[in-house]
Student: 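The structure is given below, and queries will be raised subsequently.
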2 protein chains.
Amino acid sequence: MDAALKALAEPRRREILRLVWSRELPATDIADHFAEVTRSAISQHLSVLKEAALVSERRDGTRRLYRANADTMNELRTFLDDYWTSGLERLRDVAEADEARKRQKKGRH
Amino acid sequence: MDAALKALAEPRRREILRLVWSRELPATDIADHFAEVTRSAISQHLSVLKEAALVSERRDGTRRLYRANADTMNELRTFLDDYWTSGLERLRDVAEADEARKRQKKGRH
DNA sequence: CACTTACGTAAGCAAACACTTACACTTGGC
DNA sequence: GCCAAGTGTAAGTGTTTGCTTACGTAAGTG
């Protein structure tokens with residue numbers, strides 16, 4: 001999940017992800033979409049996205065077809081939703097652990 | 001919004017953000033929470049979060065009190081929600097723009 | 001006014017990142 | 001078997017990032 005967030009932090013990768021959102025696309029077609037950078041750069045971005053499970057790859061002859069992985073994106077979505085909402089509930093525990101840490105630190109020093 | 005996503009990509013910053021989720025906290029208290037890194041490192045993280053408008057800062061004497069900025073986080077949330085859902089609808093436009101680009105590229109070359 | 005508390009900030013460093021160019025590898029058609 | 005198409009990968013480069021130590025500074029305290 002960490003990897004997914006990190007992968008999404010890069011604008012180019014978000015754009016790639018959008019391209020393969022609902023249809024499979026071969027690497028070359030994806031690269032063609034970006035005039036500014038090399039095919040190689042896109043290939044590396046695709047690796048990152050694949051590593052983060054944000055896209056899946058399917059081989060067809062010499063081509064590799066990429067498509068966004070809806071499962072991972074839904075997981076990420078619920079992770080963030082939890083993040084938004086859980087802050088409040090878990091706060092008491094965090095505060096308590098914090099106090100303990102503080103006392104320990106002071107005691108040591 | 002880009003800055004916010006990038007800021008969230010860092011685990012430490014997410015943890016900081018959670019600490020100030022629903023209560024103000026002075027920088028020192030935040031730093032005390034992290035035994036592994038320096039106060040300076042946390043200060044720099046706070047700068048990034050502030051730059052991304054994910055936290056707001058209020059001064060009180062020598063102290064600076066930080067608190068998560070709910071507005072920005074809601075904006076980010078809707079941005080992502082749009083991102084999840086809009087892919088489908090905007091896809092046709094992207095595809096069309098893409099075809100145009102492709103034709104142009106071939107024409108030039 | 002000296003001293004302490006609570007901070008940011010500058011400088012430097014190693015690791016990570018987004019690229020590039022050049023090359024290697026598969027797959028399918030002739 | 002040879003060649004072209006489609007693609008990953010290795011190596012190198014400049015920039016950014018997350019950190020450290022050291023110093024600077026503003027606000028309260030005696």
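Each chain gets a letter, A, B and so on, in the order its sequence line appears, and its residues count up from 1.
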Student: Just the rounded figure in Å: distance from C1' of dT25(D) to CZ of Arg39(B).
Tutor: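 Rounded to whole Å, this separation is 12 Å.
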Student: Choosing from dT20(C), dG6(D), dG8(C), which nucleotide comes nearest the side chain of Tyr66(B)?
Tutor: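 Comparing dT20(C), dG6(D), dG8(C) against the side chain of Tyr66(B), the answer is dG8(C).
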Student: Please tell me which of the listed nucleotides, dG8(D), dG18(D), dT21(D), lies nearest to the side chain of Arg13(B)?
Tutor: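 Looking only at heavy atoms from C-beta outward on Arg13(B), the closest nucleotide is dG18(D).
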Student: Are any of Ser43(A)'s side-chain N or O atoms less than 4.0 Å away from OP1 or OP2 of dG8(D)?
Tutor: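 Looking at the OP1 and OP2 atoms of dG8(D), one of them is under 4.0 Å from a side-chain N or O of Ser43(A).
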Student: For His45(B) and Ser40(A), find the nucleotide of DNA chain D closest to each by heavy atoms; which residue's nucleotide sits nearer the 5' end?
Tutor: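 Going by which nucleotide is closer to the 5' end, it is Ser40(A).
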Student: Of all of residues 46-60 of chain B, which get a heavy atom below 4.0 angstrom from DNA chain D, listed by number?
Tutor: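 Nothing qualifies; none.
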Student: Round to a whole Å and report the spacing from CZ of Phe34(B) to C1' of dG18(D).
Tutor: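 The distance from CZ of Phe34(B) to C1' of dG18(D) comes to 14 Å, rounded to the nearest Å.
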Student: Considering every strand and a 4.0 Å limit on heavy-atom distances, what is the contact class for Ala27(A): base, sugar-phosphate, or nothing?
Tutor: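 Sugar-phosphate contact only.
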Student: Across all strands shown, which nucleotide pairs with dG30(D) by Watson-Crick or G-U wobble geometry, both distances under 3.5 Å?
Tutor: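 Paired with dC1(C).
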Student: Does a side-chain N or O from Thr38(B) land closer than 4.0 Å to OP1 or OP2 of dT20(D), or not?
Tutor: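 Answer yes for this pair, as a side-chain N or O of Thr38(B) is under 4.0 Å from OP1 or OP2.
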Student: Can you measure Arg63(A) atom CZ to dG8(D) atom C1' for me and round it to whole angstrom units?
Tutor: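 Rounded to the whole Å, the gap is 17 Å.
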Student: So do Arg58(A) and Tyr66(A) actually touch side chain to side chain, heavy atoms under 4.5 Å?
Tutor: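 The answer is no, as the side chains (C-beta and beyond) never meet within the 4.5 Å cut-off.
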Student: Between atom CD in Glu36(B) and atom P in dG18(D), what is the gap in whole Å?
Tutor: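 Taking CD of Glu36(B) and P of dG18(D), I get 15 Å after rounding.
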Student: Within this structure, what is the CD1-to-C1' distance between Ile42(A) and dT20(C), rounded to whole angstrom?
Tutor: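 Those two atoms, CD1 and C1', are 13 Å apart.
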Student: Please confirm whether any donor atom in the side chain of Gln44(A) sits under 3.5 Å from an acceptor in the base of dT20(C), or the reverse.
Tutor: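 Pair found.
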Student: Atom CD of Glu15(B) and atom P of dG18(D): how far apart are they, to the nearest Å?
Tutor: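 Checked: the CD to P distance equals 15 Å.
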Student: Among residues 1-12 of chain A, which contact DNA chain D at a heavy-atom distance under 4.0 Å?
Tutor: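 Heavy-atom contacts with DNA chain D come from no residue of residues 1-12 of chain A; none.
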Student: Rounded to whole Å, please give me the gap between CG in Leu65(B) and C1' in dA6(C).
Tutor: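 Those two atoms, CG and C1', are 11 Å apart.
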